[in-house]
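Notes follow once the structure below has been shown.
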Amino acid sequence: MNPSQERRMRDPGVLRLGPKIFEPTDPVVMAVVNRTPDSFYAPGETWDQTAALQRVSEVVAAGAQIVDIGGVPAHPAPAVDVNEEIQRTAPFIAAVRSAYPDLVISIDTWRHEVGRAACAAGADLVNDSWGGWDAKLAEVAAEYGVGYVCTHVGNQSPRTRPFRVTYKDVVADVLDRTLSLAARAADLGVDPSRILIDPAHDFGKNTYHSLEVTRRINELVTTGWPVLVSISEKDFIGETLGLSAPEDRHNGTLAAMAICAWEGVRVFRVHRVAEAVEVLKTAATIRGDLPPERTIRGLA
Amino acid sequence: MITAAGLCPWPPILARELTGIDPVIPELRASCAEVIDRLIRTAPDAVVVVGPAADTQVWTSYDHLDLSLFAPMRSVATSCLPAPLGLGAYLLDRANYDGRRVLQAVGSNESVNNCVELGRTFASSSDRLALLVMGDGSARRSVKAPGHLDPRAEPFDAAVAQAIATSDFAALEQLDSGLARELMVTGVAPWQVLSGAMKSITTRTDMLYADAPFGVMYFVALFMPVYS
């Protein structure tokens, strides 16, 4: 970490999202709820609003503390304009807010207009998934007093894939970008206890870059900012295991999650919640952050 | 004078160290190796590697590809050699070529005239030079391509393939550079240098590879002058 980055550290402490307060030792699961017909994992599964509400019910029951609602897939084309993205997300957020008053709701977007509509509908967190592409999005988070995710995507513009991207030091680049975004968000008035940083595996990165970020994730954790990782079923897992179908990548996802949890990552954006909760609980218990559920073996 | 000119793409996966356990593209790698081998067999005084970069400049000949730019655990070279030139140097290294080499970066926004003129200076050199020209066709050839599918990409690449196969260097010179940028084509400026070097020479062309297995168009070709 260079001196400029050291100045932008934060004391480790609680993470506040909506009405919830998470201690540094509480692993938090953020469940993906796509309001899209064409996302890479389980495409169209929650395109229908009833199915999406059913998904929210299931992930909450399985232990998710946050739902991350998005209206545009990360991969290129077909285009989704601002109005369409708002229509896909804001009314649904309002419905979720009404049904689950205390659930933390996140809006996954890069556009400030969408962020504004989502916050007005009840979102607690702006997941700026394309790393500050729209500078006004952090202003919206400040205006509504909600949380903000600072993401590293290299030099990618929204919905583009990396093409022969190079870094002298990918983790240094991640730190530089995410800490700059965090400092700016705090300067704009976002409560620092509501700011997270996310290295954004796969975004602007080849598989080796994502593996390096995972290997050195502790360098993000030691900044003091709560770290969110979104690794669920992604290409770097698929390429590591030679598995092209996203639905085959779950074991690899859980292994990477366990490593991140061991290193102190606090929030995990996932598709399959129940399995993630068990992995995180196991990791937290090994760390000594949680007690085991029930211990009789050799003790009776 | 030009002893021969070779055309290769520069996907980082040409480096076997970057593809993991699976060799991924052995055919492409073999085609590039054949081009290098045949260039070397013309016994040049030097191999001139021409590749796209931010700016036009000559890099020191002992610079090598820094694999760590793509894979952080790999060894780190001391230079900031642009990746296209680095891949060219890598191909020469793999062929155990230890002769003189010139690493010529050509700015992606360099004018056609400047590119062509640069090629002419190589052709008029008193040294016997072999050219190794690094560049790819469109990276928008399929839905899974880095730039997703653009329907204009296939006809663009077909025109390039035709120009290469028929040694039609004037056609390479006249490519629409604006469209090429939109289609994520990396080869235009280097191909224009090639044109400047070769268009006054009668050549025989061997196209060794022309395909887009990952949505990026790769051309591998060899141009052998036919001196009467």
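Below, chain A is the first sequence line, B the second, and so on; all start at residue 1. Heavy-atom basis, side chains included; hydrogens, waters and symmetry copies ignored.
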Could you report the tightest heavy-atom contact between [X] and [Y], atom names first, then the distance?
{"X": "A:Tyr208", "Y": "B:Gly20", "value": "OH-N, 3.4 Å"}
{"X": "A:Pro162", "Y": "B:Pro146", "value": "O-CB, 4.1 Å"}
{"X": "A:Val165", "Y": "B:Phe70", "value": "O-CD2, 3.6 Å"}
{"X": "B:Ala145", "Y": "A:Arg161", "value": "O-NH1, 2.7 Å"}

Counting neighbours of [atom1] on [X] that are heavy atoms of other residues, nucleotides or ligands and sit closer than 6.0 Å, is the number greater than 12?
{"X": "A:Asp38", "atom1": "CG", "value": "yes"}
{"X": "A:Glu45", "atom1": "CD", "value": "no"}
{"X": "B:Asp98", "atom1": "CG", "value": "no"}
{"X": "A:Asn251", "atom1": "CG", "value": "no"}

- prompt: Quick one: which of B:Asp136, B:Leu69, B:Ile13 gives a side-chain contact (heavy atoms from CB on, under 4.5 Å) with A:Arg164?
  reply: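 Of all the options given, the one that passes is B:Asp136.
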query: Where on B:Val143 is there a heavy atom nearer than 4.5 Å to chain A: the side chain, the backbone, both, or neither?
result: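 For B:Val143, the backbone is the part near chain A, not the side chain.
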statement: Bottom line for B:Leu18: the part with an atom under 4.5 Å from chain A's heavy atoms is both
Under 4.5 Å from a heavy atom of chain B, the part of A:Arg215 involved: side chain
